[in-house]
Engineer: 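Let me give you the structure first, and then I'll get to my questions.
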There are 2 protein chains.
Amino acid sequence: MATNKTPEFLPGTLDMLILKTLTRASNHGYGIAQYIQKVSNEALRIGEGSLYPALQRLLVNGWVEAEWGISETGRRVRIYRLTAGGRKQLAREVAEFDYLIAGIARVMEGA
Amino acid sequence: MATNKTPEFLPGTLDMLILKTLTRASNHGYGIAQYIQKVSNEALRIGEGSLYPALQRLLVNGWVEAEWGISETGRRVRIYRLTAGGRKQLAREVAEFDYLIAGIARVMEGA
DNA sequence: TGCCAATACCTCGATTGTCGATGCCTACAT
DNA sequence: ATGTAGGCATCGACAATCGAGGTATTGGCA
């Protein structure tokens with residue numbers, strides 16, 4: 001009934017998740033989304049309408065680099081690789097995220 | 001200390017924080033923001049441009065009720081009180097939040 | 001007295017991020 | 001031949017946050 005406009009996703013964390021995913025291995029867009037969805041136990045679903053704009057952001061900021069290639073299944077893919085700047089950015093985002101989560105936790109626990 | 005550029009706020013969590021705050025005591029808008037900021041150790045700053053629209057949302061949805069009154073300091077204030085529906089909504093939001101955070105944690109820990 | 005900071009309410013416009021839909025193309029299986 | 005899944009991407013709608021602005025009252029201080 002209604003009204004399930006489930007957030008699906010915690011806004012503002014997508015870039016961090018993508019960067020983190022790329023620390024394990026370079027990957028193409030679709031594969032990144034699949035990985036996140038699988039590892040998160042289906043809790044996080046990255047729609048393509050969120051994914052590709054996010055990758056564009058990361059490219060523009062220089063956090064990742066892209067290269068066209070061919071996947072194992074023979075398809076044309078754009079492979080993203082984390083840059084040195086991307087690693088630093090990830091560290092920053094993780095720090096910020098942990099900081100905010102800690103703040104939220106304090107409120108929610110009613111310390 | 002607080003970061004300077006884009007400390008921001010974790011989007012999508014404001015309603016939950018407000019509802020949670022009101023479980024401790026009815027309060028007025030400004031007081032709610034102060035409480036969250038203080039308890040979170042200054043990690044969360046709720047701007048008034050976010051606060052009041054959020055309270056409107058909660059009112060419209062019936063999660064809170066409002067009443068005009070006078071604060072201890074003698075000022076005209078609008079006091080918000082959690083409704084039964086608000087309690088249920090809070091439970092829902094907490095469940096969703098925990099679910100998403102768990103998903104994020106799995107990705108970030110690279111299980 | 002005059003002034004200003006803090007309290008307290010609220011609105012507006014700009015910006016950003018996510019979502020659903022759509023479109024295109026290729027590989028593979030039925 | 002047809003459909004399903006992989007893969008890229010963009011578009012417009014929508015919602016939430018942010019900064020700035022506006023009003024008003026209280027209390028302190030010079």
Side-chain angles (χ1 to χ4, degrees), chain A residues 3-18 26-38 43-61 64 66-80 93 96-97 100 104, chain B residues 2-19 26-38 43-61 64 66-80 93 96-97 100 104:
Chain A
T3 96
N4 214 1
K5 56 170 180 184
T6 3
E8 286 284 3
F9 193 67
L10 252 208
T13 60
L14 181 51
D15 292 13
M16 182 180 77
L17 291 167
I18 292 175
S26 294
N27 205 345
H28 54 96
Y30 201 86
I32 294 170
Q34 301 268 51
Y35 173 82
I36 292 175
Q37 184 166 338
K38 183 186 164 199
L44 310 174
R45 292 193 180 86
I46 317 297
E48 304 189 17
S50 308
L51 174 68
Y52 291 108
L55 288 169
Q56 286 300 325
R57 279 198 301 271
L58 299 177
L59 269 176
V60 167
N61 287 307
V64 302
E67 187 184 11
W68 287 99
I70 303 291
S71 77
E72 301 165 359
T73 55
R75 280 181 190 80
R76 185 169 143 280
V77 289
R78 201 173 182 191
I79 294 170
Y80 295 88
E93 290 189 11
E96 178 69 15
F97 180 78
L100 292 176
I104 291 175
Chain B
T3 48
N4 12 0
K5 222 54 170 165
T6 28
E8 306 282 342
F9 186 72
L10 251 208
T13 60
L14 181 51
D15 292 13
M16 181 180 78
L17 290 167
I18 292 175
L19 292 176
S26 294
N27 204 346
H28 55 97
Y30 201 87
I32 294 170
Q34 302 266 52
Y35 173 82
I36 292 175
Q37 183 165 338
K38 182 186 164 199
L44 310 174
R45 291 194 179 86
I46 318 297
E48 304 188 20
S50 307
L51 174 68
Y52 292 107
L55 289 169
Q56 287 300 324
R57 279 199 302 271
L58 299 177
L59 271 174
V60 166
N61 286 308
V64 302
E67 187 185 10
W68 287 100
I70 303 290
S71 77
E72 302 165 357
T73 54
R75 280 182 188 77
R76 186 169 139 279
V77 289
R78 201 171 183 192
I79 294 170
Y80 295 88
E93 291 190 10
E96 177 70 15
F97 180 78
L100 292 177
I104 291 175

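Throughout, a chain's letter reflects where its sequence line sits, starting with A, and its residues are numbered from 1.
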Engineer: Can any side-chain N or O of Gln37(A) pair as donor or acceptor with the backbone N or O of Leu44(A) at less than 3.5 Å?
Structural biologist: no
Engineer: Any non-hydrogen side-chain atom of Arg78(B) less than 4.5 Å from a side-chain atom of Leu59(B)?
Structural biologist: yes
Engineer: Once rounded to the nearest 0.5 Å, what's the spacing between atom CG of Leu17(B) and atom CD1 of Ile104(A)?
Structural biologist: 5.5 Å
Engineer: Grab the CD1-P distance between Ile46(A) and dA9(D) for me, whole Å please.
Structural biologist: 16 Å
Engineer: Give the rounded distance in Å between these two atoms: CG of Leu10(B) and C1' of dT16(C).
Structural biologist: 15 Å
Engineer: Donor-acceptor pair, distance only, cut-off 3.5 Å: does the side chain of Glu67(B) make one with the backbone of Ile79(B)?
Structural biologist: no
Engineer: Measure CD1/Ile79(B) against C1'/dT7(C) and give the value in whole Å, please.
Structural biologist: 14 Å
Engineer: Let me know the distance between CD1 of Ile70(A) and P of dG6(D), rounded to the nearest Å.
Structural biologist: 17 Å
Engineer: Quick check: do Leu100(B) and Thr13(A) have side-chain heavy atoms less than 4.5 Å from each other?
Structural biologist: no
Engineer: If you check the Gln34(B) side chain, which of dG7(D), dC9(C), dT7(C) turns out closest?
Structural biologist: dT7(C)
Engineer: Rounded to whole angstroms, how far apart are CD1 on Ile36(B) and P on dT17(D)?
Structural biologist: 11 Å
Engineer: Verify the contact: side-chain N or O of Arg76(A) to OP1 or OP2 of dC24(C), cut-off strictly under 4.0 Å; return yes or no.
Structural biologist: no
Engineer: Please enumerate all protein N or O atoms sitting under 3.5 Å from an N or O of nucleotides 23-28 of chain D, with distances to 0.1 Å.
Structural biologist:
from	atom 1	to	atom 2	distance (Å)
dT26(D)	O2	Arg75(B)	NH2	3.3

Engineer: With sugar-phosphate meaning primed atoms plus P, OP1 and OP2, does Gly12(A) contact a base, only sugar-phosphate, or nothing at under 4.0 Å between heavy atoms?
Structural biologist: sugar-phosphate
Engineer: Rounded to whole Å, how long is the line connecting atom NE2 of His28(B) with atom C1' of dC10(C)?
Structural biologist: 15 Å
Engineer: Let me have the donor-acceptor pairs involving side chains of residues 69-76 of chain B, under 3.5 Å, with sequence neighbours excluded, atom names and distances please.
Structural biologist:
from	atom 1	to	atom 2	distance (Å)
Ser71(B)	OG	Thr73(B)	N	3.2
Ser71(B)	OG	Thr73(B)	OG1	2.7
Ser71(B)	OG	Gly74(B)	N	3.4
Ser71(B)	OG	Arg75(B)	N	3.2
Thr73(B)	OG1	Arg75(B)	NH1	3.3

Engineer: Let me know the distance between CG of Leu14(B) and P of dA15(D), rounded to the nearest Å.
Structural biologist: 16 Å
Engineer: Under 4.0 Å from OP1 or OP2 of dG6(D): is there any side-chain N or O of Ser71(A) that close?
Structural biologist: no
Engineer: Let's see if you can work this out: which of dC8(D), dC9(C), dT17(D) has an atom nearest to the side-chain heavy atoms of Tyr30(A)?
Structural biologist: dC8(D)
Engineer: OP1 or OP2 of dT18(C) less than 4.0 angstrom from a side-chain nitrogen or oxygen of Arg45(A), does that happen here?
Structural biologist: no
Engineer: Which nucleotide wins on minimum distance to the side chain of Glu48(B), given the candidates dC9(C), dA9(D), dT17(D)?
Structural biologist: dC9(C)
Engineer: I want to check something: taking the side chain as every heavy atom from C-beta on, are Phe97(B) and Met16(B) in contact at a cut-off of under 4.5 Å?
Structural biologist: yes
Engineer: Of the residues in residues 49-56 of chain B, which ones touch DNA chain D at a heavy-atom distance under 4.0 Å?
Structural biologist: Gly49(B), Ser50(B)
Engineer: If you compare all heavy atoms of Tyr52(B) against all heavy atoms of Tyr30(B), which two are closest, and at what distance to 0.1 Å?
Structural biologist: OH-N, 4.0 Å
Engineer: Using whole Å, report how far CZ of Arg78(A) lies from P of dT26(C).
Structural biologist: 18 Å
Engineer: On the nucleotide dT18(C), are OP1 or OP2 found under 4.0 Å from the side-chain N or O atoms that Arg57(A) carries?
Structural biologist: yes
